[in-house]
J.: 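Mind having a look at this structure? Questions to follow.
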Amino acid sequence: MTTIVPPRERWLVGRILVGPTAGITVRRSLFFLMLFLAVIGPWIETIGQWIPIPVYDPLRPDPFNPVSPPSAEHWFGTDTLGLDIFTRVIVATRVDFTLALIGVTLGGGLGCLAGAWASYRRGWVDVVALRIVEVVQSFPVLLLGIALFAALGPLEIFGPVDNGMAVLVIAISMVNFPLYLRQVRSVLLPLTEAEFVQAAKCAGLGAWGIVWHHFIPNARGQILALFPLTCAYAIQIIAGLSFIGLGIEPPNPEWGSMIKTGATLIVQGHWWVSVFPGAFIVLSVYSLTGFSARSETLVGPGGTSA
Amino acid sequence: MKTLWKRTPPVMALVLGLAMVAVACGGTETVTETVVVTSIVTETEVVTEEVVVTSIVTETEVVTETEVVTEEVEVVVTEEVVVTETVEVMVDDSEARTLRIAIADDVEQLDPALGSAQLTNLVLKNVYMQPVQYRPGPDVGGFSYADTTSFEGQWIESWDFSDDFRTITLKLRQNLTFPTSGNPVTADDAIYTINRALATGPAGPAWVWGNIGVTSIDQIERVDDRTLVVHDARPSTIVLPLMRDQTMGIMDSVTIQANSTEDDPWGRDWLKQNYAGNGRYVVDSWERGSRMVLKRNPTWTGFQPYFETVELLTVPEAANRLALLQSGDVDIALDLSVQQLATAATSDGVKVLSVPDRNGINVLLNNQAPPFDNVTLRKAMSYAVDYNAIVNGVLNGQAVPSQGPISVNSRFFDLYNLEDAWIYEHDPDRARQLMAEAGYADGFEFEMVIRQNVPLDEAVATNLKAQFADLGIDMSIRPVTGAEMFDHLFGLTYGGMAFRGGLLDYVDDPYYQFFLWWDSQDAAINWTGFADARIDEILDETASVVSDPGRREPYREAVTRLVDAAPMLWLANANYTLAMREDIGGFTLHPDGLLWFATLNRSG
């Protein structure tokens, strides 16, 4: 049994990430820089002992040095609690990237399966799936997040996992589920009557086997193009919810809550508290969207290789 | 005629300039300006000499108001009368007599029996008239403290206690009226007000009257139109201090009854939105969510407040309140953060008043649940706190370290010599030792509940988390809404600690503090769940003692026991801080911390 995947599409993810390209070198470098920061984040203090960069404990405030401007001791300055912003934006990289990745993978994965299943089964399954999508999408993202935090926040049902982080992941999953479902369904709907599907049916392959082995691989290009875009979107959602005080437990570093800390200080001229975490959000979103463009270049319409 | 048309542009320019002066300068200009305007309208040659006009406008930088002026010019060309009207505003000093205050939230409602938020209480105190108020004390460098031992009558003119303090004779002030209705203030209004308080309790004025000893309207005897006698009152030192409470304002019984219904016999719904009082200021208008305007009470015949109008402008963002203060658009900005106060202090034309106060910056420990049901561990936490970092770092030096339940800035702290009752200082080694004794040598985990989006809460919690981490204690922080916080405090459902900055006992008296917090049976806000039988005994024994020599030793014992049991972390006594324009004077700090408009003036 073979799938309808041309040989050139092997190593597609690898080609998107590191393959030769003319257009996205800068974005790609930025992405790997972010990835590097996300990896080293928790050990930043140890690294600071080896190389001469001024890093501090991201959770230890210096109450005698609040809102100090960027300097040799504090490259990005300090916030209202005297926490070092340079250290905290680096440590926050892992938090934001990890939550975005988990949330999108979870919601996107389920969305892909549901989309493929709906397009294969059609009929009432399709109708129900679409209605669920419409209901979820009818809520503005922030409102959905607030409602989830109000409903799940006080329950403490996630055991050792941080409650706020768990709800954030659920919120991102719920936002992404319909996006992937719609995308995958729209791509796969025309394939329902395709010959290879009929052949697979005749060969005795079950419904889930057909969906898994024949349907989803055909939407791989669209999924890969959508994935970095939705990760970028997820980072913005996390930052947005944290900005209004939902999500990461203080004083753990997170870009959105860091921007909030400095939002009211900008008019007093203390720009650095918000600008640096804001810049990291912009750069991470910018770097991620590059891969989406790259995927679209590599994968043509309909899931075939260009 | 043709010449006149040619001269029209200069005339317009002049009128534009003058109108801008009128708008920008407000009421601060003098009559001499009027003379200039009149001559300009009739003699256009005067146009070019008004250099002063430009300079004044530049200084004030009121950009938005310039647009309004442009519209006025078009009117003036066709109708000169408008110019005259504009000038008439200039001779009025109403602008100087207007006090503008930027506030964080809207006032909740206008029923004194329901007020709860500090801002609402502040307004109720100023727009309703209480039986008594504190007299201002002497000036102590640009401000004064209220003299908490001296009272002046408001709606009562005099009061007389019987020898056993169980009967109080109240004489009502004569010739008072309610300004909005014109109804006279009578003994019937007083009885209605007390009856309404008791009927709408148990909180608010019912609680206050209850602590005075009045639980039934039958205890109030109406002797004549001006005289009431309170029977079976509870002798205590706080009878008069309670009578100054903002919930005790007298109400216009005729108006309220006219607006009451069968379902709402005490007019509670009506009074939430409407006003029936006669404070030093009266509510003139109220645009929910944006502005409340108060006017000086025209019927009050005593000392007249300087400001004729007080405008309360709702500005939710603290940064915007600060910006309005810096630009001079408001005279006072309430509720600024520590950093914003520091910025305000360095701004031109702005001063920050920082007055030693009894404001408690305390952390509540849940005494009824592990791990802080262990007294040794509670004491360990008291030694673990770096008080200096909180006082001089987080609070930027606008505070002093606390030394127990009675504030170091309370007059009773010195009177009872409570300094030696305090035993804690930052001593991590002692904290570790006590933790080991308590069975927590390897550290432990707990949660602190704080209010969402309150910078002070986050700052204190973050600092304590780092300090406790040095001892191997893992403290997590959970921000909750204000309503959730109250649920946790009253239900004692918070895990380990809860932070409530800005706790202020409205009455500076140890009896008030103890029955409010530490009476294990009846405490109104027993937010720690602490109970001590000996302290209950002391409270019972001293409740009716009305002289301080008789209370000194019992309260020294109670305070010592309380400090030793460490039911909460007393971190600091924060200053009362107020950012205002430099020309605002006459500030008097009352024990309740509620800004009293009547003594404020523009003295600069």
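Quick caveat, the model's predicted, so the values are computed rather than measured. Per chain, numbering begins at 1; letters A, B, ... match sequence-line order.
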J.: Parallel, tilted or perpendicular: which one describes the rings of B:Phe490 and B:Phe486, with boundaries at 30° and 60°?
T.: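 If you compare the ring of B:Phe490 with that of B:Phe486, the planes turn out parallel.
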
J.: So which residue, B:Val480, B:Asn396, B:Asn463, B:Leu395, ends up with the most heavy-atom pairs under 4.5 Å with chain A?
T.: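 Max contact count across the listed options: B:Asn463.
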
J.: Looking at A:Asp57, A:Leu59, A:Leu81, A:Leu83, which one has more heavy-atom pairs under 4.5 Å with chain B than the rest?
T.: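 The residue among A:Asp57, A:Leu59, A:Leu81, A:Leu83 with the greatest pair count is A:Leu81.
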
J.: Quick one: what part of B:Gln326 sits under 4.5 Å from any heavy atom of chain A, side chain, backbone, both or neither?
T.: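 For B:Gln326, no heavy atom lies under 4.5 Å from chain A.
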
J.: Under a 4.5 Å heavy-atom cut-off, does chain A meet the side chain of B:Ala459, its backbone, both or neither?
T.: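 Both the backbone and the side chain of B:Ala459 come within 4.5 Å of chain A.
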
J.: Taking atom types as modelled and ignoring hydrogens, do the side chains of B:Gln339 and A:Thr80 form a donor-acceptor contact shorter than 3.5 angstrom?
T.: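 No donor-acceptor contact under 3.5 Å links the two side chains.
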
J.: Given that the side chain runs from C-beta out, which part of B:Leu322 has a heavy atom under 4.5 Å from chain A: side chain, backbone, both or neither?
T.: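 The answer is the side chain of B:Leu322.
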
J.: Answer yes or no: is there a donor N or O on one side and an acceptor on the other, between the side chain of A:Ser274 and the main chain of A:Ala263, under 3.5 Å?
T.: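 At least one qualifying donor-acceptor pair exists.
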
J.: Examine distances only and state if a side-chain atom of A:Ser287 and a backbone atom of A:Leu30 form a donor-acceptor pair shorter than 3.5 Å.
T.: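 No; judged by distance alone, with no hydrogens or angles, the pair does not exist.
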
J.: Parallel, tilted or perpendicular: which describes the rings of A:Trp255 and A:Phe97, with under 30° parallel and over 60° perpendicular?
T.: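 The arrangement is perpendicular - the two ring planes meet at more than 60°.
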
J.: What do the steps show when you test B:Asn573 against B:Ser407 for side-chain hydrogen bond (donor to acceptor under 3.5 Å, both in side chains), and what is the final call?
T.: CA-CA 7 Å; B:Asn573 290 137; B:Ser407 164; 3.3 Å; yes

J.: For B:Ser347, is it the side chain, the backbone, both or neither that has a heavy atom under 4.5 Å from a heavy atom of chain A?
T.: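 Interface part for B:Ser347: neither.
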
J.: Is B:Ala318 in contact with chain A via its backbone, its side chain, both, or neither, using a 4.5 Å heavy-atom distance?
T.: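 B:Ala318 has no heavy atom closer than 4.5 Å to chain A.
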
J.: With a 4.5 angstrom heavy-atom cut-off, which part of B:Thr343 approaches chain A: side chain, backbone, both or neither?
T.: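 Side chain only.
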
J.: At a heavy-atom distance under 4.5 Å, which candidate from B:Val338, B:Asn320, B:Asn388, B:Thr481 has the highest pair count against chain A?
T.: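 Most heavy-atom pairs within the cutoff with chain A belong to B:Asn388.
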
